[in-house]
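Have a look at the structure below before the remarks.
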Amino acid sequence: MNVVNGNIKKIYLKYLFAAFGSSLISCIYGLVDMAMVGQYYGPIGSQAMAIIAPIWNIIYSLGLLIGIGGSVLFAVNKGKNDKETANKFFTASIVYGAIMSIIFLILFWLFEDQLLYVFGAKDANTLKLCKEYLLPIKFAAPSFIFAQILAAYLRNDNKPMLATLAIIFAGVFNVVGDYVFVFPLDMGTLGAGLATAIGSLVSVLIMSTHFFSKSNTMKFSCNKEVFSLFVPISKTGFSAFIADIAMGFLTMLFNNLILKYLNDDALAVYAVIINISTIVQCCGYGIGQAGQPILSTNFGAKRYDRVSLTLKYNIITAIIVGTIWMGIVTIFPKQLIRIFMAPTEEVLNIAPNIMCVYSISFLILPFNVYCTYYFQALLKENVATIISLARGIVISGIVLVLLPSIFGGNAMWWTMVITEALVAIYAIIVMIKLQRKLRIEEINTK
């Protein structure tokens with residue numbers, strides 16, 4: 001598959017299928033756990049999963065920081081035909097991932113109770129459920145980080161389907177394992193965590209088979225520059241990192257403000273919303289991950305016409321996906337609630353209004369998430385970081401704090417609608433300027 005000279009539409013569709021499969025199946029880990037635990041324990045189980053959500057954001061964000069950051073630089077250098085430098089970034093990413101895995105494990109084992117309290121586990125019953133779920137996750141945490149790193153590199157080494165197949169296989173195991181461990185074996189949250197941990201380990205093992213194939217171009221390079229490359233990898237991948245970290249921060253803030261202004265029923269509904277939002281966000285990841293290898297490689301090769309065409313396909317996909325998800329949530333709010341928990345009548349009564357308002361943001365969300373990948377791929381890290389910070393912390397945080405304090409608790413559900421709209425306006429303006437610049441540069445080089 002020739003990314004620089006092949007048919008863009010065919011290449012993009014192949015990458016899109018693979019990236020969507022990979023991203024959406026990754027969501028299964030949290031979603032199936034949420035559904036199984038919610039059905040097993042009722043609303044309190046859903047609350048526990050909402051509290052754990054920021055921890056997943058931290059784990060995945062570390063993988064994205066290293067995987068996206070390193071693989072973008074890997075692809076750009078491949079586009080320049082500099083394979084030696086490309087493999088230096090690959091080696092640095094693996095070493096970086098190992099170091100971050102060790103640091104995460106140490107911190108989480110030492111400060112688990114304190115972290116869960118900050119994330120919203122205020123009572124003993126919820127804390128107990130959270131800790132049971134996280135016991136096997138703590139042992140397998142490095143596999144979640146390396147699953148993200150390997151998947152990113154496989155997409156940039158012309159093996160997007162292997163990453164997808166690995167995650168699909170692990171996802172199927174997770175679904176089956178969740179049911180068996182939680183219900184027939186009556187293990188509750190511990191069983192859900194165990195199935196998720198094993199599924200992640202399986203996906204890493206499958207992806208690792210690429211290193212033994214003839215098509216593998218990723219080689220380990222022992223050199224003194226390994227540690228110095230952590231900086232450019234972090235700089236390039238920071239927006240992907242902060243997007244997930246910010247999502248965890250925002251979830252934590254929502255959890256605490258819901259309990260302050262509303263009640264446990266609203267928190268249970270939000271637990272469902274954040275899981276659906278995660279699916280929509282994963283769709284944005286899929287679009288970005290499908291476009292990134294094509295964008296980065298052609299950017300490195302200075303084929304800016306192909307960059308523009310890829311952007312066009314990406315934007316069309318984002319609009320379609322956002323429209324579909326807004327429609328699903330608007331039309332089927334109660335049905336979605338029942339998928340994730342055994343709801344009380346109170347939860348069912350308040351769910352439609354909350355979910356319909358929040359789902360308006362889904363119309364724009366995939367586009368904004370994609371934009372971070374687009375700007376990363378073209379080495380405009382600062383713009384990508386601004387978008388991630390604005391969505392996840394700055395604009396969203398300010399709006400979330402102000403709305404309920406001025407207009408009452410239920411006003412907080414408009415937070416992401418306002419945030420996504422403002423961020424999209426900024427992203428579009430910068431995107432138009434960048435495309436004009438590339439067009440001028442292309443004309444001048446002819």
Side-chain angles (χ1 to χ4, degrees), residues 21 23-57 59-60 116 119-121 123 125-141 143-144 147 167-203 248 251 255 264-265 267-282 328-329 332-344 347-348 351 355:
S23 297
L24 290 176
I25 295 298
S26 294
C27 293
I28 282 181
Y29 291 97
L31 295 174
V32 173
D33 290 346
M34 169 78 174
M36 295 294 180
V37 172
Q39 294 293 338
Y40 190 86
Y41 291 101
I44 190 174
S46 300
Q47 292 165 26
M49 292 297 101
I51 290 164
I52 289 168
I55 295 170
W56 281 123
N57 295 132
I59 294 174
Y60 284 131
L116 289 173
F119 294 151
D123 65 82
N125 289 332
T126 307
L127 180 63
K128 178 177 178 292
L129 292 181
C130 291
K131 293 184 70 172
E132 286 178 357
Y133 176 85
L134 290 171
L135 180 60
I137 300 298
K138 287 188 290 186
F139 287 99
S143 71
F144 293 99
I167 296 174
I168 287 175
F169 188 88
V172 170
F173 176 87
N174 187 45
V175 172
V176 176
D178 259 333
Y179 173 76
V180 173
F181 293 157
V182 173
F183 291 102
L185 296 181
D186 202 28
M187 295 175 69
T189 49
L190 176 62
L194 182 61
T196 300
I198 296 174
S200 178
L201 290 167
V202 169
S203 70
T251 301
N255 288 345
D264 289 343
D265 292 330
L267 181 60
V269 175
Y270 177 67
V272 175
I273 290 174
I274 197 60
N275 276 275
I276 297 171
S277 180
T278 299
I279 300 176
V280 184
Q281 183 138 322
C282 283
I328 289 172
V329 177
F332 305 110
K334 291 187 178 181
Q335 291 86 340
L336 290 168
I337 288 288
R338 288 193 174 96
I339 289 174
F340 290 101
M341 72 174 82
T344 62
V347 168
L348 284 177
M355 295 178 71

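Atom set for the values below is all heavy atoms of this structure, side chains included, hydrogens, waters and symmetry mates excluded. One-based numbering along the sequence shown.
Residues L129 and V37 have side chains not in contact (no heavy-atom distance under 4.5 Å, counting atoms from C-beta outward). In this structure, L348 and R338 have side chains that are in contact, with non-hydrogen atoms separated by less than 4.5 Å. The closest side-chain heavy-atom distance from F181 to L190 is not below 4.5 Å. Contact check for V272 versus N275: no side-chain heavy atoms found under the 4.5 Å cut-off.
Contact record, D178 with G191: OD1-O, 4.2 Å, taken as the closest heavy-atom pair. When every heavy atom of S203 is checked against every heavy atom of A147, the shortest pair comes out as OG-CB, 4.0 Å. Nearest heavy atom pair, residue A195 against residue G177, reads CB-C, 3.6 Å. Nearest heavy-atom pair across V347 and A268 is CG2-CB, 4.4 Å.
With Y133 as the fixed residue, the side-chain contact (heavy atoms from CB on, under 4.5 Å) test singles out one of I51, L194, T196: T196.
Not one N or O on the side chain of S200 forms a donor-acceptor pair closer than 3.5 Å with the backbone of A197.
A distance of 7.0 Å separates CD1 in I59 from CD1 in I137, rounded to the nearest 0.5 Å. With values rounded to the nearest 0.5 angstrom, T126 atom OG1 is found 10.5 Å from M49 atom CE. To the nearest 0.5 Å, atom CD1 of residue I337 and atom OG1 of residue T344 are 9.5 Å apart. Separating the CD atom in Q281 from the CD1 atom in I274 is a distance of 8.0 Å, to the nearest 0.5 Å. For the atom pair CD1 of I276 and CG of L336, the computed distance is 4.5 Å after rounding to the nearest 0.5 Å. Residue I52 holds its CD1 atom at 7.5 Å from OG1 of T189, rounded to the nearest 0.5 Å.
For K334, the salt bridge (Lys or Arg N to Asp or Glu O under 4.0 Å) criterion is met by no residue, not counting sequence neighbours. In this view, Y40 and F183 satisfy the ring pair (Phe, Tyr, Trp, His ring centres under 6.0 Å) rule, not counting sequence neighbours.
The number of heavy atoms from other shown groups lying within 6.0 Å of OH (Y179) does not exceed 12.
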